[in-house]
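By convention in this document, chain letters (A, B, ...) are assigned in the order of the sequence lines, proteins followed by strands, and residues within each chain are numbered from 1.
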There are 2 protein chains.
Amino acid sequence: MPAKDVITAQPSAVPESDNGWDSLLQEISHRPKRATERKQDRSKRTEQQILTGALRVFARDGISRSRIADIAAEAGISASTLYEYYKSKEDLAYDLPLSHLAEFFEGYHVAAANKTTRERMLLYLVMSADYAREHAEWARLFYLEIWPSVFVTDTDLRHSINDFTRVLLFLVNEAIAEGWIARDRNIHETAALLTGGINQIIITWLLYRKPRNLTKAGTEMAERLIAVLEMEARAAR
Amino acid sequence: MPAKDVITAQPSAVPESDNGWDSLLQEISHRPKRATERKQDRSKRTEQQILTGALRVFARDGISRSRIADIAAEAGISASTLYEYYKSKEDLAYDLPLSHLAEFFEGYHVAAANKTTRERMLLYLVMSADYAREHAEWARLFYLEIWPSVFVTDTDLRHSINDFTRVLLFLVNEAIAEGWIARDRNIHETAALLTGGINQIIITWLLYRKPRNLTKAGTEMAERLIAVLEMEARAAR
DNA sequence: AATATTCACGAAGAAATTTCGGTTTGAATC
DNA sequence: GATTCAAACCGAAATTTCTTCGTGAATATT
């Protein structure tokens with residue numbers, strides 16, 4: 001196992017120039033949310049009511065079983081009015097996760113400032129699990145229906161989903177440069193290991209409410225994942 | 001980190017009595033497939049045609065977008081006839097994966113005979129990925145639509161899905177007894193790590209056809225996962 | 001206050017699922 | 001091989017849900 005220039009490694013230093021980090025997070029958390037801009041105040045309220053109602057109904061019944069009529073009722077409007085806002089049920093379902101995702105990335109960007117790469121990676125995984133716990137309805141929709149959907153293509157949403165991996169890939173690359181993740185392993189595989197591990201915990205919690213304490217379980221898994229990658233790197237030297 | 005009786009560990013021995021292994025696999029691969037038993041030969045053929053047609057249509061359009069009429073046409077029958085076999089579209093969608101799952105478990109049971117626990121675990125992960133590659137339509141339906149579905153509850157299918165984890169848990173317990181997985185880690189967490197890692201690879205392949213060679217990627221990931229667990233165990237000694 | 005624009009809704013239309021009654025087909029029995 | 005009966009099948013109608021459209025009400029603008 002070759003280890004050419006581990007000499008330049010700086011395991012626990014805060015990246016100086018943040019080469020690309022801020023611009024990446026910037027780009028990701030400012031993806032266009034919605035093209036349409038509502039004119040009247042009433043309308044903005046309605047828009048919000050639709051989003052809230054839809055989230056509840058979708059999370060409860062699943063996208064496929066949810067009825068437009070139910071969502072409209074929940075939002076306190078008529079079914080036909082909903083079509084002034086979204087051109088179809090699917091359109092609504094796929095738009096819903098976006099605002100939350102942006103919020104997550106923004107929160108993460110702030111929380112990750114002035115941290116080492118390792119801390120950032122840990123925080124990313126932990127915050128993912130914790131955000132799912134705090135926004136269980138959203139998480140149910142996102143992790144169980146949207147993420148795996150083959151049909152979310154060429155949209156802002158697919159970009160946002162890919163962003164999740166992009167951040168992780170960035171951190172993996174940094175970690176390799178710093179020398180605490182083995183460079184002889186495929187970076188996508190490493191990212192898949194991290195994403196897979198944490199998502200599995202989240203999904204199991206969403207489906208069965210087990211383990212009870214998602215935050216604790218997520219933290220444990222995150223720490224374990226990173227520890228394991230560090231071991232690999234040490235072994236590869 | 002305590003390591004009480006690692007003395008009795010037998011890292012690479014074939015389990016003698018197979019305490020529970022065979023009966024577990026036996027049970028899992030013989031879950032009741034269908035309650036209804038068709039009387040006529042013609043009917044059995046039709047049943048098969050429905051399953052084949054449905055798989056193709058579901059994999060292409062997704063459950064929600066698929067139309068009964070299309071499936072019926074694909075199967076060469078009228079839409080109303082389909083209701084003699086399944087009481088709804090959902091019912092059909094959720095019944096589809098069962099036969100394949102049983103087939104997978106049977107194949108695995110045979111392939112895993114006379115192997116060490118470590119080999120069995122590796123084989124399980126590798127075969128999962130490979131089965132998905134060989135049965136891509138089925139895998140698309142299973143991993144992207146059925147598995148994450150909250151609504152598969154209290155059915156044979158939910159049992160079968162849980163079986164996937166049960167096998168893994170069994171192997172993890174064996175490995176702990178043999179001493180090559182750390183006993184101070186939560187077994188469910190360890191299973192989640194394994195499942196999550198391999199599933200992430202499969203899902204990414206299903207969504208993006210990347211990495212190109214799923215068998216190779218699955219094998220690499222499986223080997224890495226197990227190697228990493230072994231490292232953990234060594235470190236815990 | 002008059003006017004224009006945005007927003008909301010009920011009713012009608014469209015599309016898909018599901019049920020029903022009657023006909024055809026297959027297999028067992030004589 | 002004819003008879004009989006249940007199983008399998010289908011077309012048409014009913015039902016459910018999604019979506020469009022025309023019109024009127026609410027809001028903002030002048």
Residues passing the salt bridge (Lys or Arg N to Asp or Glu O under 4.0 Å) test with A/Arg42, sequence neighbours excluded, are none

I'd like to check the side chain to side chain donor-acceptor pair (under 3.5 Å) partners of A/Arg166; sequence neighbours left out, ordered by chain and number. A/Glu27, A/Asp163

Where protein sits on nucleotides 24-30 of chain D, one letter per nucleotide: B base, S sugar-phosphate only, - none, heavy atoms under 4.0 Å: --SS---

Per A/Ile77 side chain, nearest of listed nucleotides D/dA8, C/dC9, C/dA8: C/dC9

What does A/Ser78 touch in the nucleic acid at a heavy-atom separation under 4.0 angstrom: a base, only the sugar-phosphate, or nothing? base

Taking atom C1' of D/dT20 as reference, at what distance in whole Å does atom OH of A/Tyr85 sit? 17 Å

Tell me every residue that passes side chain to side chain donor-acceptor pair (under 3.5 Å) with B/Asp61, counting only those two or more places apart in sequence or in another chain. none

Interatomic distance where CD belongs to A/Glu84 and P belongs to D/dT19 [whole Å]: 14 Å

Remember a base hit wins even if backbone is also touched, and classify B/Thr81 as base, sugar-phosphate or nothing at under 4.0 Å, heavy atoms. base

What pairs of donor and acceptor atoms, side-chain ones from residues 71-81 of chain A against any protein atom, are under 3.5 angstrom apart with sequence neighbours left out?
{"from": "A/Glu74", "atom 1": "OE2", "to": "A/Arg56", "atom 2": "NH1", "distance (Å)": "2.6"}
{"from": "A/Ser78", "atom 1": "OG", "to": "A/Ser80", "atom 2": "N", "distance (Å)": "3.4"}
{"from": "A/Ser78", "atom 1": "OG", "to": "A/Ser80", "atom 2": "OG", "distance (Å)": "3.1"}
{"from": "A/Ser78", "atom 1": "OG", "to": "A/Thr81", "atom 2": "N", "distance (Å)": "3.4"}
{"from": "A/Ser78", "atom 1": "OG", "to": "A/Thr81", "atom 2": "OG1", "distance (Å)": "3.2"}

One character per nucleotide, please: for nucleotides 11-19 of chain C, 5' to 3', B when the base has a protein heavy atom closer than 4.0 Å, S when only the sugar-phosphate does, - otherwise. -----SSBB

Could you check how far CG of A/Leu82 sits from C1' of D/dT17, rounded to whole Å? 14 Å

Under a 3.5 Å threshold, yes or no: a donor from one side chain and an acceptor from the other, between B/Tyr108 and B/Ser128? no

Tell me whether the rings of A/His100 and A/Trp138 are parallel (<30°), tilted (30 to 60°) or perpendicular (>60°). parallel

Residue list, salt bridge (Lys or Arg N to Asp or Glu O under 4.0 Å) with B/Lys44, at least two apart or on another chain: none

Whole angstrom is fine here: how far is it from OH in A/Tyr86 over to C1' in D/dC18? 18 Å

Could you pull out all residues at least two apart from A/Glu103 that satisfy side chain to side chain donor-acceptor pair (under 3.5 Å)? A/Tyr131

Just to verify, what does B/Glu220 make a salt bridge (Lys or Arg N to Asp or Glu O under 4.0 Å) with, not counting sequence neighbours? B/Lys216

For B/Arg140, enumerate each residue passing the side chain to side chain donor-acceptor pair (under 3.5 Å) test, keeping only those at least two apart in sequence or located in another chain. none

Between atom CG in A/Asp91 and atom P in D/dT19, what is the gap in whole Å? 10 Å

Could you state the CZ-C1' distance from B/Arg65 to D/dT17, rounded to the nearest angstrom? 17 Å

Taken to the nearest whole Å, CZ/B/Arg38 to P/D/dA6 is 17 Å

Polar atom pairs between nucleotides 28-30 of chain C and protein, under 3.5 Å, N or O only, would you list them?
none

Partner set under salt bridge (Lys or Arg N to Asp or Glu O under 4.0 Å) for B/Arg133, not counting sequence neighbours: B/Asp130

